[in-house]
Amino acid sequence: MASIKVLSIDGGGIRGIIPAIILAELQKRLARNLYEVFDIIAGTSTGGIIALGIGTRGHNGQPYTPDELLNLYVQNGPAIFTKNFLTPEKELLFPKYSPDGLEKVLAEFFQDTEFKTALTPLLISSYDLQGQLPFFFKSHQITAKPNYNWPVTSIARATSAAPTYFPPLHLTKGAEDYALVDGGVFVNNPSMAAYAEARALYPEFAQFVVVSVGTGDRQDSIAYAAAKEWGLLGWAKQLVPVFMDSVSEAVDYQLSQMPGCTYHRLQVSHLQAAENEMDDVTPDNIANLQATAKEYVATQSAVLDGICAELNEGRGSDMPGIGR
């Protein structure tokens, strides 16, 4: 029986290096572009950028390969997260980083690519501060809602506007007016949202395969003795990682219990020498993130083979005799 294939990619800043390497290995083993295998691809924040890269015609009319997106992080990470001696003081009152570096990199990579070039349905998460509601960019809605054909650079900027790190994106078109921040505030692991969207998009299917790729388990803890005295300033630096980690782990449980859904979570369980922080772009940390991801791929070879065996039939919605 044909199944719908869902790919979900977590947020995590520079730790996007990890899913880029894992996805490169999947693509190598499948010997096909990922958009040819998955019926829907979802991403949040750095995962949203990767999803847009592998799922639209953003590279001279073709999708980027995961290896090419890895280079985005390795070569441009320091330009995205540019620090100076004023950064520690600045972040108490303002976003830690100017969006200029991020926006320049996104413009170089995606240029004037439009969302309508999506090669498979894409679901990219953000959150609208003005409406106080989740906001999903859905490429499959463009036919019915032409105004949703946003520039890919705008979508990438919106999904990666992590609170305290970057300012929100003010996105307008006609009557549409949004103040958008990183979708990680509610779906840092967008697997459940992607599964729900897939069920709505392909209601005739009973079987779903969800491949969820993480950016590494932070494996850090906050002791009661430290947290009990925190007020606004104390929580300010911890709040973003705490809520992003907690919602990701809740999704793992929910999807593992869902009938008709085979859930594969590809997550580095320990970052080892690599840093937890999403903005550590030192050469040592970038090298450590790559080494950690490559070690994970090597130790999970049999797991990856099993996943590829399920994916090899390709998109369920492309099976002969199946309508949309």
Side-chain angles (χ1 to χ4, degrees), residues 6-13 16 19 38-52 55-56 95 99 115 118 120-142 144-145 147-203 208 210 212-215 239-255 258 261 263 278:
V6 179
L7 175 61
S8 172
I9 313 166
D10 284 17
F38 289 98
D39 297 273
I40 185 168
I41 299 176
T44 291
S45 193
T46 197
I49 293 173
I50 293 173
L52 290 164
T56 68
F115 201 30
T120 195
L122 300 180
L123 181 76
I124 311 298
S125 67
S126 187
Y127 185 84
D128 178 31
L129 296 175
Q130 294 181 167
Q132 293 285 288
L133 289 170
F135 185 96
F136 288 101
F137 295 94
K138 303 178 182 183
S139 64
H140 41 288
Q141 284 192 338
I142 293 172
K145 300 178 180 179
N147 269 1
Y148 279 55
N149 182 33
W150 311 98
V152 167
T153 50
S154 296
I155 300 170
R157 169 71 173 83
T159 192
S160 57
T164 75
Y165 290 88
F166 294 107
L169 176 71
H170 189 203
L171 188 65
T172 62
K173 184 186 288 187
E176 311 285 344
D177 191 317
Y178 307 101
L180 298 175
V181 296
D182 192 322
V185 301
F186 72 104
V187 283
N188 199 52
N189 173 355
S191 300
M192 179 59 80
Y195 170 72
E197 191 68 20
R199 291 296 300 259
L201 194 56
Y202 306 106
F208 294 78
V210 179
S212 175
V213 188
T215 58
L239 198 56
V240 171
V242 165
F243 64 61
M244 287 185 174
D245 283 356
S246 61
V247 296
S248 292
E249 287 154 8
V251 166
D252 287 344
Y253 172 75
Q254 292 160 355
L255 274 176
M258 198 66 63
C261 175
Y263 180 59
M278 61 182 281

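Values below: all heavy atoms of this structure, side chains included; hydrogens, waters and symmetry mates excluded.
Looking only at side-chain heavy atoms (C-beta outward), L52 and F115 come within less than 4.5 Å of each other.
Residues passing the side-chain hydrogen bond (donor to acceptor under 3.5 Å, both in side chains) test with T120, sequence neighbours excluded: R315. In terms of the side-chain contact (heavy atoms from CB on, under 4.5 Å) criterion, residue partners of A161 (sequence neighbours excluded) are, by chain and number, R157. For Y178, the ring-ring contact (aromatic ring centres under 6.0 Å, His included) partners at least two apart in sequence or on another chain are F135. Residues passing the side-chain hydrogen bond (donor to acceptor under 3.5 Å, both in side chains) test with Y195 are R199, sequence neighbours excluded. Remark: T215 pairs with D10, R15, P19, T46 by the side-chain contact (heavy atoms from CB on, under 4.5 Å) rule, at least two apart or across chains. The side-chain hydrogen bond (donor to acceptor under 3.5 Å, both in side chains) test applied to S8 returns S191, not counting sequence neighbours. Partners of Q130 according to the side-chain contact (heavy atoms from CB on, under 4.5 Å) rule, which considers only residues two or more places apart in sequence or in another chain, are D128, H170, D177, A179. Taking N147 as the reference, nothing meets the side-chain hydrogen bond (donor to acceptor under 3.5 Å, both in side chains) condition, with sequence neighbours excluded. For F136, the ring-ring contact (aromatic ring centres under 6.0 Å, His included) criterion is met by F186, not counting sequence neighbours.
Counting only residues at least two apart or in different chains, salt bridge (Lys or Arg N to Asp or Glu O under 4.0 Å) contacts with residues 159-170 are absent. Screening residues 185-197 for salt bridge (Lys or Arg N to Asp or Glu O under 4.0 Å) gives K138-E197 as the qualifying pairs, with residues at least two apart or on separate chains. Annotation: salt bridge (Lys or Arg N to Asp or Glu O under 4.0 Å) contacts involving residues 165-175, sequence neighbours excluded, are absent.
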